[in-house]
A.B. asks: 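Okay, here's the structure, questions in a sec.
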2 protein chains.
Amino acid sequence: MIRRTSQDIRRLNRFEVLRRVYAGPGAMSRQDVAAATGLSFATVANLTAELLEAGVLVEAGHEESGGGRPRARLAVNAERGALIGVDVAETSVHAELFDLALTVRHSVERPLPPGDVRPADVVGLLGGAVEELLAVSGTDRARVLGVGVSVPGMVDREGGVSSFSPYWSWHEVPLRALLDERLGMPLWLDNPLRASTVAEMWFGAGREVDDLVVLTLRAGVGAGIALGGQLHRGFTDSAGEWGHTCLVLDGRPCTCGNRGCVEAYVSLRGIAGTWRELAPDDERTGGPDDAATVAALARAADAGDPAAVAAVERTGRYLGAAVAQLVNLLNPQVVVVGNQVMDLLGERLLPVAYEAVGRHALALPRRAATLRRSAVPHDPVTRGAATFALEGFLEDREVFGPVSRMRRAARGGGGAGA
Amino acid sequence: MIRRTSQDIRRLNRFEVLRRVYAGPGAMSRQDVAAATGLSFATVANLTAELLEAGVLVEAGHEESGGGRPRARLAVNAERGALIGVDVAETSVHAELFDLALTVRHSVERPLPPGDVRPADVVGLLGGAVEELLAVSGTDRARVLGVGVSVPGMVDREGGVSSFSPYWSWHEVPLRALLDERLGMPLWLDNPLRASTVAEMWFGAGREVDDLVVLTLRAGVGAGIALGGQLHRGFTDSAGEWGHTCLVLDGRPCTCGNRGCVEAYVSLRGIAGTWRELAPDDERTGGPDDAATVAALARAADAGDPAAVAAVERTGRYLGAAVAQLVNLLNPQVVVVGNQVMDLLGERLLPVAYEAVGRHALALPRRAATLRRSAVPHDPVTRGAATFALEGFLEDREVFGPVSRMRRAARGGGGAGA
DNA sequence: CCCCTTCTTCCAACCCTTCGAATAAGATCG
DNA sequence: CGATCTTATTCGAAGGGTTGGAAGAAGGGG
């Protein structure tokens, strides 16, 4: 049983206030935040005071006054510290350094060798990439508020263990232990699905919406699920494995051993496969690099190549049918589609997919749901990983103590008068 | 934005305590409840006092003492009031009267005419059934704490409107308005999926588990979803429409107009259809009453009829493949299968289905999930409907006021000594 | 320079949980 | 049969949160 305490309310409200400030581009006042969150003004003032004291927010000038006291503008204090987000993907380790305003400051990408990769190699590469980020940006280690790391597959977040990797023969790898030693900074581990989702919640569609599903389409595919404003992790941290949902009974073989999985149709490899089916003699369809093949497909479709157009169309229909299942089952307000496949095929795919959703989903949940492309700036996975670190920092009891502690401090210090 | 307040904590804890008392068959002490809920003993004592004062609980004797003061046994006060649960189904209206211990006291079933049925007819029949329940049981209207009504299809719970019915040509029918007038008792409207799920949360597998999926298999099929101990309703109250998830692309036509839906394979009609496919010349497979056909199928399978055995087996595989999707996506701790199909085919179906889940789901979420038959006594839909009324009663601010109100009352009244 | 308007801060009130001391209620033993 | 022991409950104070409203702060306008 999880104990619910009033401090949870406080923590969630703190998140909420800060999310609004991130959302409003430098122009949020306390009043705006109160209106947007539905919290009382007193509470917003209280929480902002706390965030100001912690240096997370700063007051940046005032708004135009229409006769009364002008509102103070709240902004995130970018210089309060740095966050690092790392995306360990199939072929590379991508590490980025953000300031606290979640602006990308520096970026490093290190290729991973093909084939099976040992955990120690990833740890080494990751450690090196982080060191380089610190060196290049001249950031002191102590200024880093946390490092978020996204590892593919199933990750036991609490234990810090990678239970299973789709690409490598990893089993119960104690990543936290290995990385803690190497990095010496606060560390949060999770997987790319949940990273993308949390990025969406802070910086994308999730800012306005409480029930959303975030589809990640790249080498693998998955669905991050956020319901009631809370990320759903599942009983063993493995919710969101949408890729091996059966889309076509006895359809194409999938890497998982089954047939007809969603992933076999809307992942990079699946899309390349669809093109190959439709144009078996076209040598562009046969390359070993699926991302390159899909990029070629996009170009060919733009050029009016009939097989390519048909392949995109068919992919859209597959995607739509698969999304319809989610819409029926979860009745979300928004379905966000993101990552590589979107970057490559983007606008070509969504209209077809949307139309297919309409054919496959029931009227009421379909009308409720909108399908849209991710609006998260830059890479949602590294950003999401950094967001985990941000969330971790915001839960730090040293920095954000209980209210009474603040009050004692205020009394002791004695505020300087005007 | 939904405001989170400390009173929500109180309300949820009140639910939690009471759920434990229902779960422990007459043998729960305050200590047991505290251990089971993880709440502090003081809080449990506090909540119990409130429930005792409201007459919901009573102290029923003491446990054997092993040397110290004996523990008081807590029990639900069945006589505190009555609850009515109504299941409006395709072919009948089934109304049941429960005491507060959720024991069925009286039951009435009224057939509905085949074909399109008007809302007024359902309201009339329902009203009559409720009147009969009151008359037969000699229950005073004022003693009824609430009436829960389950209506098929999509129901706007807050508005009290049936947005869409799968059987009848209902559109935006203001059921609450119609029924309020007829019944004159507190009313809660919802659909059978969510009713079954909430029944499971209070009286079935959900007592021990926080993430569960409840499959309802009868004329239609659906999946009730409870995550983190909370029922998920979806953005427009229509989550759980699992029946029209695509199981076989371009498979059997479904009533919804698409092809290959889950419902076309594991609903009563779907199962009958599978049997018919396998034994087209067997006249037992062709009756108009699907429930009767499935009952015949169960008998034939028991008798060793090869086509019947194959039909059950195939149905199990379909079910397993469909469940695997849910297991992968949501990573629940338990999947409960219930309602008519289970009653008819029960034990024959689950082993095959379980095996198929194993083939179609990923290792980690599969290991986490158990598939089991509903353990909710009697009819989960009427019971769930009654449970909505129970929950409504437990939220009644007149009865369960804030803590301070209690304290004032205690001071004013002055408790009688021992 | 005073008044008016609007934003912020501050305080008291209220809600909820929990710790620990005090009280209650049997069992047991001398 | 009372003292003592053990365990269960009750009670009060403290701690963590939110909120409405009074009081203070900061401009604009006459």
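Convention: sequence-line order gives letters A, B, ...; per-chain numbering from 1. Side chains are part of it too, since the values below use all heavy atoms of this structure and drop only hydrogens, waters and symmetry mates. All of these numbers come straight from a predicted model, not from anything done at the bench.
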A.B. asks: Nearest whole angstrom, please: distance from the C1' of D/dA8 to the CE of B/Met28.
C.D. replies: 16 Å

A.B. asks: Quiz question: by atom type and distance under 3.5 Å, do the side chains of A/Glu391 and A/Trp188 form a donor-acceptor pair?
C.D. replies: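 No, no side-chain donor-acceptor contact under 3.5 Å.
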
A.B. asks: Taking atom P of C/dT17 as reference, at what distance in whole Å does atom CG of B/Leu12 sit?
C.D. replies: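 For the pair B/Leu12 CG and C/dT17 P, the rounded distance is 10 Å.
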
A.B. asks: Roughly how far, to the nearest 0.5 Å, is CG of B/Leu18 from CG of B/Asn13?
C.D. replies: 12.5 Å

A.B. asks: For A/Glu63 and D/dG27, give me the distance from atom CD to atom P, rounded to whole Å.
C.D. replies: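 Taking CD of A/Glu63 and P of D/dG27, I get 14 Å after rounding.
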
A.B. asks: Could you give the CG-to-C1' distance, from B/Asn46 to C/dC15, as a whole number of Å?
C.D. replies: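 Between C1' of C/dC15 and CG of B/Asn46: 11 Å.
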
A.B. asks: Would one find a side-chain N or O of B/Ser40 under 4.0 angstrom from OP1 or OP2 of C/dT18?
C.D. replies: yes

A.B. asks: Quickly work out the A/Arg14 CZ to D/dG16 P distance and round it to whole Å.
C.D. replies: 13 Å

A.B. asks: So, A/Asp99 and A/Arg80, do they make that salt bridge, N to O below 4.0 Å?
C.D. replies: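 Answer for the salt bridge query: no.
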
A.B. asks: Below 3.5 Å is the cut-off: list the nitrogen or oxygen pairs between protein and nucleotides 8-10 of chain C, distance only.
C.D. replies:
{"unit_1": "C/dT8", "atom_1": "OP1", "unit_2": "A/Ala72", "atom_2": "N", "d": "2.4"}
{"unit_1": "C/dT8", "atom_1": "OP2", "unit_2": "A/Gln31", "atom_2": "NE2", "d": "3.4"}
{"unit_1": "C/dT8", "atom_1": "O4'", "unit_2": "A/Arg69", "atom_2": "NH1", "d": "3.3"}

A.B. asks: For A/Arg4, is there an ion pair with B/Asp8 - N to carboxylate O distance below 4.0 angstrom?
C.D. replies: no

A.B. asks: Check the distance between C/dC14's P and B/Asp8's CG and give it to me in whole angstrom.
C.D. replies: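 One finds 20 Å between P of C/dC14 and CG of B/Asp8, rounded.
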
A.B. asks: Please pick, from C/dT17, D/dG17, C/dC15, the nucleotide with the shortest atom-to-atom distance to any side-chain atom of B/Arg10.
C.D. replies: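 Closest of the options to the side chain of B/Arg10: C/dT17.
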
A.B. asks: Does a side-chain N-to-carboxylate-O contact under 4.0 Å join A/Asp190 and A/Arg233?
C.D. replies: yes

A.B. asks: List every contact pair, protein side and nucleotides 27-30 of chain C side both N or O, where the distance is under 3.5 Å.
C.D. replies:
{"unit_1": "C/dA27", "atom_1": "O4'", "unit_2": "B/Gly67", "atom_2": "O", "d": "3.3"}

A.B. asks: Under 4.0 Å between a Lys/Arg side-chain N and an Asp/Glu carboxylate O for B/Arg11 and B/Glu395?
C.D. replies: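 Yes.
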
A.B. asks: Quick one about A/Thr43 and A/Asn46 (side-chain donor to acceptor, distance below 3.5 Å, no hydrogens or angles considered), yes or no?
C.D. replies: no

A.B. asks: Less than 4.0 Å between a side-chain N and a carboxylate O, is that true for B/Arg73 and B/Glu59?
C.D. replies: no

A.B. asks: Rounding to a whole Å, what distance do you find between B/Ile9:CD1 and C/dT17:P?
C.D. replies: 7 Å

A.B. asks: Counting N and O atoms only, with roles assigned by atom type, does the side chain of A/Arg207 sit under 3.5 Å from a partner on the main chain of A/Tyr22, one being a donor and the other an acceptor?
C.D. replies: no

A.B. asks: What I want to find out is whether B/Arg157 reaches B/Asp237 closely enough, with some N-O distance under 4.0 Å, to be called a salt bridge.
C.D. replies: no

A.B. asks: Between A/Thr236 and B/Asn331, do the side chains contain an N or O donor and an N or O acceptor separated by less than 3.5 Å?
C.D. replies: yes

A.B. asks: Take the C1' atoms of the five end pairs on each side of the helix from C/dC1-D/dG30 to C/dG30-D/dC1, derive the two axes, and give their angle rounded to 10 degrees.
C.D. replies: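 Between the first-five-pair axis and the last-five-pair axis there is 30°.
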
A.B. asks: Would you kindly give the CD-to-P distance between A/Glu16 and D/dG17, to the nearest whole Å?
C.D. replies: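 Atom CD in A/Glu16 sits about 17 Å away from atom P in D/dG17.
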
A.B. asks: Distance check: side-chain N/O of B/Thr43 vs OP1/OP2 of C/dT18, anything under 4.0 Å?
C.D. replies: yes

A.B. asks: Show the nearest heavy-atom pair for residues A/Glu200 and A/Ala375, with the distance to one decimal.
C.D. replies: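 Scanning both residues completely, I find the closest heavy atoms to be OE2-N, 3.8 Å.
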
A.B. asks: Should A/Asn13 be listed as having a side-chain N or O under 4.0 Å from OP1 or OP2 of D/dT18?
C.D. replies: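 A/Asn13 to D/dT18 OP1/OP2: side-chain N or O found under 4.0 Å.
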
